[in-house]
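Since we're looking at a predicted model, the values are computed, not measured. Each chain gets a letter, A, B and so on, in the order its sequence line appears, and its residues count up from 1.
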Amino acid sequence: MSTEPSIREIRLQKLAQMRELGHDPFSIEKWERTDTAAGLLEGFEEGKDVSFAGRVVSYRLMGKAGFAHLSDGDARIQIYVRKDEVTELEWSLYDLIDIGDHVGVKGKLFVTKTGEKSIHATEFLPLTKALEPLPLGKEKDGQVFSGLSDVETRYRHRHLDLIANRESRTVLINRAKVVSAVRRYFDSNGYLEVETPLLQLEAGGAAARPFKTHYNAYEMDVKLRISLELYLKRLICGDLPAVYEIGRVFRNEGVSNRHNPEFTMLEFYEAYGNLETMMMRVEECFKSVALAVFGSTVVDITLPTGSVDDEDAATDANQIQLDFGKPWRRVHLLEEIERHTGLSAEDLSTLENAKSALADKLVVNPITGKRIDPSEERNLGGLIEKLLEVFVEPTLQEPTFVVGYPIETSPLAKKDPANPKMTRRFEGYVLGREVCNAFSEINDPIDQRERFEQQLGEREKGDDEAHPMDEEFIYALECGMPPTGGCGIGLDRMAMLLTGSHHIREVLLFPFMRPTAESSPE
RNA sequence: GGGCUUGUAGCUCAGCGGUAGAGCAGCGGCCUUUUAAGCCGUUGGUCGAGGGUUCGAAUCCCUCCGGGCCCA
């Protein structure tokens with residue numbers, strides 16, 4: 001047991017001293033600011049009277065004068081306080097300041113001997129006392145020394161990350177801007193933004209396990225939605241011809257660099273459109289978002305370290321550019337599989353043919369280490385998608401639409417008239433990762449019922465991700481849904497792509513973290 | 001779920017079988033244009049948790065709890 005006071009105790013003492021002097025920082029409600037830090041630095045006018053407030057991020061006291069940097073989150077500006085130019089109370093308060101406190105300052109703009117634009121204080125007031133130390137590093141020439149880098153702390157205590165790490169802050173703000181720009185794109189193209197239920201009796205629209213919860217008043221179990229699809233199409237059936245929703249969906253799956261149990265989905269549906277309409281929308285949407293958030297259709301991307309073996313070459317080779325101003329490449333799924341595996345459409349015509357073509361042996365992509373075990377595959381569609389994932393996806397670096405997905409894995413997509421085993425569905429890929437999933441929607445209620453029944457069969461065979469029956473949805477189709485194109489985009493993944501983030505947690509303000517022993521409730 | 005890896009002071013890290021360390025932060029002193037301020041002095045740790053091996057464990061072994069990367 002130490003008798004030394006902790007940092008927190010010392011700061012509490014300083015707070016008490018401020019109160020004894022007659023100033024309680026927590027009693028302050030407002031401080032009028034004439035400018036932001038960035039505004040002051042940009043439109044700097046020497047001698048101008050200004051009022052500013054910010055968090056103390058550096059603090060230097062030199063006897064009878066002191067310097068500090070104040071940050072308003074976006075930018076930081078230096079203040080200069082002299083004992084003989086402020087009141088005795090103000091000087092005593094300056095002495096009790098710690099890094100992390102919020103302070104208000106009024107004064108004149110001036111330039112220091114070393115050329116830094118600063119505020120020469122005539123008034124100074126603590127606005128908030130930070131009781132805990134902040135992991136703020138020291139900064140020189142834009143380089144931060146011993147700041148906060150522990151990723152676990154960054155995710156668990158995101159406010160510290162936002163305070164201490166400019167890059168994290170920028171990425172998270174850009175993620176918000178991406179969502180906002182997506183919304184603007186659809187709003188300005190005749191779409192209606194809607195909200196549909198999160199609590200559902202049967203979670204449909206995708207293949208995933210739902211979270212289950214209980215509704216006390218009705219004494220029944222309900223599920224959290226896993227997609228937005230079926231309700232949005234019911235709106236199309238209700239003659240709302242272009243609708244979209246941006247909303248949280250929940251999938252009861254593990255956490256990985258691309259999965260969080262809750263994530264943000266965009267889905268949009270357009271009556272009298274097909275999958276080509278959706279391709280156009282995806283291209284336009286990415287283009288307008290890139291322009292709105294990054295000011296250019298060309299986005300610079302840094303690939304994860306380790307994707308290039310040679311450390312020295314890594315810096316250059318890891319940098320690539322993507323141009324969302326150009327149309328996306330369009331390829332056919334079966335043709336791409338044949339190109340990369342040699343398996344023909346004939347080989348992939350039945351599950352038995354496919355397994356014998358693969359000699360029913362474990363197949364490994366030598367470059368990625370990803371593998372396929374044919375014996376684990378129950379149907380042809382699953383195997384085809386696995387081939388796509390293992391052998392084709394890694395090759396899809398440039399924005400690419402892959403068209404023509406197997407019917408078994410596409411229970412909501414129209415059949416391809418040219419090949420009834422395939423559907424009019426595509427997925428968009430960038431940098432080897434899926435970014436969207438779209439199709440010409442089934443509007444034939446008879447067909448849709450058959451597809452659901454096939455899914456129920458899969459469910460009976462043990463596939464707990466198979467799609468459940470939804471009678472209300474089918475009833476809506478029976479009342480007449482126009483031909484419709486629909487598309488879903490995982491906005492977290494879109495934000496990851498555009499911000500160059502390699503982990504979904506980097507674009508989530510508060511990613512799900514397992515509780516630690518200390519943080520878990522008793 | 002499997003493999004590899006990681007957890008040491010408020011922060012960033014070193015130590016890898018023989019008395020727990022550094023820088024920064026903190027605290028005390030000096031300093032009226034500093035800026036990774038400086039100079040002098042100084043405090044601070046159940047080495048993630050629990051068990052084991054050992055005369056002796058931060059260090060080796062086992063279990064558990066977090067995190068990271070890869071595979072599923």
Side-chain angles (χ1 to χ4, degrees), chain A residues 1-14 17 56-71 76-86 91 94-100 107-108 110-121 130-157 160-161 163-165 253-259 304-307 362 364-373 376-377 386 389-390 394 502-506 511-520:
Chain A
M1 270 298 199
S2 165
T3 54
E4 280 296 315
S6 66
I7 291 179
R8 182 190 162 83
E9 285 161 347
I10 289 163
R11 291 189 171 202
L12 279 168
Q13 284 168 17
K14 288 183 178 177
Q17 286 175 56
V56 177
V57 293
S58 79
Y59 177 78
R60 295 174 293 284
L61 183 62
M62 303 165 304
K64 299 189 178 69
F67 287 93
H69 278 96
L70 304 189
S71 163
R76 48 175 61 186
I77 187 164
Q78 183 173 252
I79 64 165
Y80 177 50
V81 184
R82 289 169 64 117
K83 187 180 181 184
D84 58 7
E85 290 176 348
V86 295
W91 183 250
Y94 186 80
D95 194 39
L96 293 169
I97 286 300
D98 287 299
I99 286 176
K108 283 187 194 306
F110 81 115
V111 180
T112 66
K113 274 183 185 169
T114 54
E116 179 161 354
K117 294 167 179 170
S118 308
I119 302 172
H120 197 132
L131 301 181
E132 291 285 343
L134 298 183
L136 276 161
K138 296 201 168 185
E139 215 176 299
K140 188 191 187 184
D141 304 328
Q143 227 191 322
V144 178
F145 298 81
S146 62
L148 175 64
S149 61
D150 182 74
V151 291
E152 192 174 345
T153 308
R154 289 183 45 232
Y155 296 149
R156 286 192 193 279
H157 307 292
L160 297 178
D161 189 31
I163 292 167
N165 291 318
E253 296 162 354
V255 171
S256 81
N257 65 336
R258 264 168 283 172
H259 296 88
T305 48
S307 59
L362 197 76
V364 179
N365 182 326
I367 297 162
T368 60
K370 287 185 182 289
R371 61 189 183 82
I372 303 174
D373 185 350
E376 287 175 359
E377 298 304 326
K386 200 79 191 172
E389 182 188 324
V390 172
H502 307 128
H503 204 298
I504 193 171
R505 284 172 166 172
E506 297 293 341
F512 189 88
M513 298 291 283
R514 274 188 132 99
T516 57
E518 298 86 57
S519 65
S520 65

* To do: Please measure how far the P atom in C4(B) lies from the corresponding atom in U63(B), and state the result in whole Å.
  => 12 Å
* Nearest to the side chain of K14(A) - G26(B), U34(B), A36(B)? -> G26(B)
* Asked: Is any side-chain heavy atom of F145(A) closer than 4.5 Å to a side-chain heavy atom of E139(A)?
  -> no
* **Whole-Å gap separating P (C64(B)) and CZ (R514(A))** => 12 Å
* Both distances under 3.5 Å, Watson-Crick or G-U wobble: report the partner of G38(B), or none. => C30(B)
* Structure fact -> Whole-Å distance, H502(A) NE2 to G67(B) P, equals 21 Å
* Whole-angstrom distance between A58(B) and G7(B), as gauged at atom P -> 15 Å
* To do: Please tell me if the side chains of R76(A) and L70(A) come closer than 4.5 Å, counting only heavy atoms from C-beta onward.
  => no
* Structure fact -> K64(A) has its side chain closest, among U32(B), U33(B), G66(B), to U32(B)
* If you check every side-chain atom of M513(A), which of G10(B), U12(B), G67(B) has the closest atom? -> G67(B)
* To do: With the side chain counted from C-beta on, respond yes when K386(A) and K370(A) share a heavy-atom pair under 4.5 Å apart, and no when they do not.
  => no
* Asked: G67(B), A72(B), G10(B): which one has an atom nearest the side-chain heavy atoms of K370(A)?
  -> A72(B)
* So, are D84(A) and K64(A) salt-bridged, with charged N and O less than 4.0 Å apart? -> no
* Might you confirm whether atom CZ of F512(A) has over 12 heavy atoms from other residues, nucleotides or ligands at distances under 6.0 Å? => no
* **C64(B): pairing nucleotide in any strand, Watson-Crick or G-U under 3.5 angstrom** => G48(B)
* To do: Using a heavy-atom cut-off of under 4.0 Å over every strand shown, decide if H69(A) touches base, sugar-phosphate, or nothing.
  => base
* Asked: Considering only side-chain heavy atoms of I10(A), which listed nucleotide, U33(B), G26(B), A37(B), is closest?
  -> G26(B)
* Would you kindly give the OH-to-P distance between Y94(A) and U33(B), to the nearest whole Å? => 13 Å
* **C1' spacing across the pair C61(B) / U19(B), given as an integer number of angstrom** => 25 Å
* Asked: Is any side-chain heavy atom of I79(A) less than 4.5 Å from a side-chain heavy atom of V81(A)?
  -> yes
* Please state the C1' separation for the pair A14(B) and U59(B) - nearest whole angstrom. => 13 Å
* Hunt down the Watson-Crick or G-U wobble partner of G1(B), both distances under 3.5 Å, from any strand shown, or write none. => C71(B)
* Can you tell me how far P of A9(B) sits from CG of D150(A), to the nearest Å? -> 11 Å
* Side-chain N,O (R60(A)) to OP1/OP2 (A37(B)) below 4.0 Å -> yes
* To do: Report the distance from atom CZ of R8(A) to atom P of A9(B), rounded to the nearest whole Å.
  => 20 Å
* When the P atoms of U46(B) and U32(B) are considered, how many whole Å apart are they? -> 40 Å
* **Salt-bridge contact E9(A)-K14(A) (side-chain N to carboxylate O under 4.0 Å)** => no
* Asked: Between U32(B), U33(B), C11(B), which one does the side chain of A65(A) approach most closely?
  -> U32(B)
* To do: Between A72(B) and A57(B), how far apart are the P atoms? Round to whole Å, please.
  => 43 Å
* Asked: G66(A) near the nucleic acid: base, sugar-phosphate alone, or nothing, with a heavy-atom cut-off under 4.0 Å?
  -> nothing
* Which residue lies toward the 5' end of RNA chain B, K113(A) or Y59(A), if each is placed at its nearest nucleotide? -> Y59(A)
* **Selection from G66(B), C70(B), U33(B) that lies nearest to any side-chain heavy atom of N257(A)** => C70(B)
* Asked: Which is true for F110(A) with a 4.0 Å heavy-atom rule: it touches a base, it touches only sugar-phosphate, or it touches nothing?
  -> base
* **Rounded P spacing from C30(B) to A36(B) in Å** => 25 Å
* Asked: Within this structure, what is the CZ-to-P distance between F512(A) and G66(B), rounded to whole angstrom?
  -> 10 Å
* Asked: Would you say the side chain of V56(A) lies within less than 4.5 Å of the side chain of D98(A), judging by non-hydrogen atoms?
  -> no
* To do: Tell me the partner of C24(B), counting only Watson-Crick (N1-N3 plus N6-O4 or O6-N4) or G-U wobble (N1-O2 and O6-N3) with both under 3.5 Å; none if nothing fits.
  => G10(B)
* With a 4.0 Å cut-off on heavy atoms, is I99(A) in touch with a base, just the backbone sugar-phosphate, or nothing at all? -> nothing
* Base, sugar-phosphate alone, or nothing: which one does E116(A) contact when heavy atoms must sit under 4.0 Å apart? -> base
* Tell me whether the OP1 or OP2 atom of U12(B) has a side-chain N or O from K138(A) closer than 4.0 Å. => no
* Donor-acceptor pair under 3.5 Å: do we get one between S149(A)'s side chain and the base of U12(B)? -> no
* **Paired nucleotide for U53(B) [Watson-Crick or G-U wobble; both distances under 3.5 Å]** => none
* Asked: Among A25(B), U34(B), G66(B), which nucleotide sits nearest the side chain of F67(A)?
  -> U34(B)
* Residue pair H69(A) / R60(A), side-chain heavy-atom distance below 4.5 Å -> yes
* To do: Look at all strands and tell whether S256(A) reaches a base, only sugar-phosphate, or nothing, counting heavy atoms closer than 4.0 Å.
  => nothing
* Structure fact -> Against the side chain of H120(A), the closest entry in U33(B), A72(B), A36(B) is U33(B)
* To do: Could you check how far CG of L148(A) sits from C1' of G10(B), rounded to whole Å?
  => 11 Å
* Gap in Å between the two C1' atoms, one belonging to A25(B) and one to A9(B), rounded -> 10 Å
* Hey, which of these two, S58(A) or T153(A), hits RNA chain B nearer its 5' end, going by closest nucleotide? -> T153(A)
* Donor-acceptor pair present, Q78(A) side chain and U34(B) base, under 3.5 Å -> yes
* To do: Select one nucleotide: of C70(B), G10(B), G68(B), the one nearest the side-chain heavy atoms of R505(A).
  => G68(B)
* Structure fact -> Rounded to whole Å, the CG-P distance (D84(A) to U32(B)) equals 10 Å
